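Read the structure below first, then the notes.
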Amino acid sequence: MNLEEYHNNNRKSFVLQSDIPEVTQNEPCCLGIDEAGRGPVLGPMVYGVCFCPISMKEKLADLGFADSKTINEENRDRLLAVIEENKDYIGWAVKVICPTQISNDMLRRTKITLNELSHNAAIELVQKSVASAANIREMYVDTVGDATKYQAKLSQIFPDITVKVTPKADALFPVVSAASICAKVARDRCLKKWIFSEGEFPEEYGCGYPSDPKTKKWLKDITDPVFGYPQFVRFSWSTCSNLLEKDAKEVTWDDNEEVDEAAKGTAPITSFFGQQKKVQTVDRSKFFTERKLLQVYDLL
């Protein structure tokens with residue numbers, strides 16, 4: 001799993017896809033979807049998909065896949081190596097959603113929720129797999145939000161695929177466990193090789209979850225009173241906004257005030273769509289009326 005392109009430009013989200021095994025193009029396949037890094041205040045969220053022929057479900061289970069959260073880092077790396085060694089019948093793809101996109105989407109005027117971001121990433125990866133000629137016929141998904149609504153949404157988008165959305169899918173279906181491994185290893189590697197374009201920062205930031213004392217201390221210690229945090233941090237998390245509210249300087253945007261001042265006394269836009277007032281007429285000169293001369297309004 002070569003994430004070098006993302007390491008070199010971690011301000012943009014990134015998709016990485018394996019080669020598509022020939023057997024997955026010829027046989028009906030099952031596909032699993034899972035994520036890593038949904039809750040942390042630091043780093044990217046990563047979505048992963050993994051797929052293989054339905055006829056090889058048991059073979060996939062025999063490889064020892066389980067929920068990546070219950071497996072230590074060493075065993076996750078080992079299982080990813082197993083996936084890559086069996087590339088003749090296992091395909092995968094990951095999407096690294098950078099912290100900048102998460103923050104921007106969640107703080108924009110028309111907000112995009114974390115659930116929407118998650119759904120969009122999952123849909124994109126399935127679409128890429130299908131577009132690459134993988135013959136996907138079954139899909140198993142760890143739920144995000146309401147499982148019934150999410151399943152209906154995916155079934156509508158992919159009418160030719162049987163979709164099953166359920167909590168703890170990574171513990172129930174080996175193909176989802178494999179997707180979980182891909183997502184978790186990708187996120188771990190993104191964090192390990194993170195390049196701070198804003199300068200140097202302490203490396204002891206903990207696990208990245210808001211409840212981790214190391215993470216909370218790291219955020220407090222590096223807070224810039226004007227610029228806040230490096231883009232490694234998700235500004236949209238309440239953990240950050242609370243710290244900034246407390247420790248950062250209040251900023252007044254003069255350009256906004258100028259716009260507000262300029263807007264004073266300006267007629268509302270709706271006034272331009274009201275009923276037009278009746279135009280007052282005046283008596284015309286006898287010179288024009290005797291000669292039946294009319295005013296020209298339009299020139300063709």
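The model shown is predicted, which means the values in this text are computed figures rather than measured ones. What's counted below: heavy atoms across the whole structure, side chains too, no hydrogens, waters or symmetry copies.
A 4.5 Å side-chain heavy-atom check between Ile123 and Lys153 finds at least one atom pair inside the cut-off. With contacts defined as side-chain heavy-atom distances shorter than 4.5 Å, the pair Glu84/Lys87 does not qualify. In this structure, Phe14 and Val94 have side chains that are not in contact, with every pair of non-hydrogen atoms separated by 4.5 Å or more. For the pair Leu63/Pro174, no side-chain contact is recorded, criterion being any heavy-atom separation below 4.5 Å from C-beta on. Using a 4.5 Å heavy-atom threshold, the side chains of Pro53 and Thr24 count as touching. Between Lys111 and Ser236 the shortest side-chain heavy-atom distance does not fall below 4.5 Å. The side-chain heavy atoms of Pro210 and Lys216, taken from C-beta on, include no pair separated by under 4.5 Å.
Aromatic pair Phe232/Tyr205: ring centres closer than 6.0 Å.
The ring pair (Phe, Tyr, Trp, His ring centres under 6.0 Å) check on Tyr89 picks up nothing, with sequence neighbours excluded.
Comment: Glu198 engages Arg11 in a salt bridge, judged by a side-chain N to carboxylate O separation of less than 4.0 angstrom. Lys217 has a carboxylate O that lies under 4.0 Å from a charged side-chain N of Asp221, or vice versa, which qualifies the two as a salt bridge.
Side-chain atoms of Glu35 and Ser118 include no donor-acceptor pair closer than 3.5 Å.
With a 6.0 Å radius and a threshold of 12 heavy atoms from other residues, nucleotides or ligands, Lys57 has its NZ atom above the threshold.
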Under the side-chain hydrogen bond (donor to acceptor under 3.5 Å, both in side chains) criterion, do Gln17 and Ser132 qualify, and how do the steps go? CA-CA 10 Å; Gln17 189 174 17; Ser132 299; 3.2 Å; yes
Between Arg189 and Asn2, does a side-chain hydrogen bond (donor to acceptor under 3.5 Å, both in side chains) hold up when you go through it step by step? CA-CA 10 Å; Arg189 293 182 180 181; Asn2 185 357; over 6 Å; no
